[in-house]
Amino acid sequence: MNDQQKMENIVSLAKRRGFIYPGSDVYGGLSGTWDFGPLGVTLKRNIMQLWWKMFVSDRDDMYGVDAAILMNQKVWQASGHVATFTDPLVEDEVTHLRYRADHLLKDAGYPVDGLNLADMTKLIRDNNVKSPAGNELSDVRTFNMMFKTTVGPVDDESSVSYLRPETAQGIFTNYKNVLDSFYPDLPFGLAQQGKAFRNEISPRDFIFRSREFEQMEIEYFVDPAKWEEAFEHWRQQVWQWTEALGLPTENVHELEVPESDRAHYSKRTIDFEFDFPIGREELLGLAYRTDFDLGNIQRESGKNMEYTVKGTNNKFVPHVIEPSFGVERALMAVLSSAYTEDEVNGEKRIFLKLPEHLAPVKFAVSPLLKNKPELVARAKEIYTSLKQKYGAVMWDDNGNIGKRYRRQDEIGTPNCVVVDFTTLEDGSVTVRDRDTTEQKRVQPGEL
Ligand code: ATP
């Protein structure tokens, strides 16, 4: 199975088994949007809850917020997004289809790191690079990726707003509120999870590049003199996160982003890349945003964003370390690490080797035969007690046992419990391990 086949198999399994469907599928879809089905939403929430536990609930220096998606347009002017949140766009002169210039050039084998618009246009002209349809290309120009909308019944410039392209600004605008409510010691952080929207020129690669996706972001406020220490702390935390997701360490890579490729607000960025089946691509980012955002807010709003160190007159606008995580990319990394094919009794088997704490279903419970009321009754009892304890338990009595195992393997259920005739004699059930396919007999209390 090569990488492309693997990706196709994952997309197909995700749809077939109720993890992820193309958005608006019955109407022919809407490019760059995806809907999560019953298992997908559970897997996604398990990832998000793990993150919240690790980075908010388990720590003493973190505060959660949940800001509105629609924000005053001044937020996006001050943050620089109206002016500079753009991607390089190039147009096919005949079909008028638009492409991301850097992706087009990269796919054609040209290095694009650090190139500006004029450089890319020159590269296209010098090498006579054509569109995928073989036509001439326009000059490269910028395209703002924010979705614009209007708020309220009057459609004029003052009512313009944007669907947020990052959750970060909803954190910065609440920094002062949290400071006034809690007066935390520095360093402290604010965390938020939620939707972000980017009008990507060419969404692609399954959920990797979508137009609507979910982010989990932390803005960690520090004394400017101590930013390096905090950056290192979060670098280590990111590694712990990838470990908690069960991603193989050898598939995660740090990329120190050169200045020419950094976002407008960043003085240092490390992209954490992952070996996806689509290639080595960004999983998440870690950036030193300095006092760029709080400084802008202070200037544009006229409100003081300084922090006063307790018991002193020492005041400054804190600097910020920002680890920024994409939920869909985490999910895609988890799925691609988990997707496994092997052979059992001479037959091909597909299974998701999901870490148990992320698996959407922890136990499947079956009676060996569904037409034996005494087996069904006993299995129901065990199912109910496991469900009370773990929640994520599935009742499965469709088809023969072999088929049930295959179905549970495909959705990554780590344990399949079967009630058979021996259960009626000594109470024990069989439990089958997803990865080894080994079965053992245990008492239900040991599950
Ligand atoms: P890329 O270079 O791949 O477009 P980016 O550098 O623009 O990503 P950031 O602005 O750093 O991304 O966003 C932080 C995180 O949000 C990314 O690391 C990624 O996990 C996620 N993310 C960004 N854009 C998308 C998207 N279009 N679809 C899914 N996730 C995304």
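Numbering of ligands and ligand atoms starts at 1, following listing order.
Among all protein heavy atoms, the one lying closest to atom 21 (C) of ligand 1 is G326 CA, 3.8 Å. Among protein heavy atoms, the minimum distance from atom 20 (O) of ligand 1 is reached at L283 O, 2.9 Å. Considering only non-hydrogen protein atoms, atom 14 (C) of ligand 1 sits nearest to S324 OG, 3.0 Å. Closest protein heavy atom to atom 31 (C) of ligand 1: F213 CE1, 3.4 Å. Ranking protein heavy atoms by distance to atom 23 (C) of ligand 1, first place goes to R198 NH1, 3.4 Å. Nearest protein heavy-atom neighbour of atom 29 (C) of ligand 1: F208 O, 3.1 Å. The protein heavy-atom contact nearest to atom 28 (N) of ligand 1 is S210 N, 3.0 Å. Remark: minimum distance from atom 18 (O) of ligand 1 to any protein heavy atom is reached at E282 OE2, 2.6 Å.
Using modelled atom types and a 3.5 Å distance limit, the side chains of Q408 and T413 yield a donor-acceptor pair. Residues Q4 and E8 have side chains that bring a donor and an acceptor to within less than 3.5 angstrom of each other. For E341 and Y339, the side-chain atoms include at least one donor-acceptor pair closer than 3.5 Å.
Only the side chain of E200 comes within 4.0 Å of ligand 1, counting heavy atoms alone; its backbone N, CA, C and O stay farther away.
Listed by atom number, the atoms of ligand 1 under 4.0 Å from G285 heavy atoms are 18 (O). Below 4.0 Å from some heavy atom of L284 lie the following atoms of ligand 1, by number and element: 18 (O).
Ionic pairing of K362 and E356 is not present here: no N-O contact between side-chain nitrogen and carboxylate oxygen is shorter than 4.0 angstrom. Salt bridge R211/E200: absent, no basic N to carboxylate O contact under 4.0 Å.
For the atom pair CD (E328) and CH2 (W34), the distance works out to 11.0 Å, reported to the nearest 0.5 Å.
Judged by distance alone, the side chain of E217 and the main-chain N or O of A168 form a donor-acceptor pair under 3.5 Å.
When E166, Q215, E328 are ranked by how near their heavy atoms come to atom 16 (O) of ligand 1, first place goes to Q215. Atom 1 (P) of ligand 1 has its nearest heavy-atom neighbour, among M145, H103, R262, R209, in R209.
Annotation: side chain of L179 is not in contact with side chain of F221 (no heavy-atom distance under 4.5 Å).
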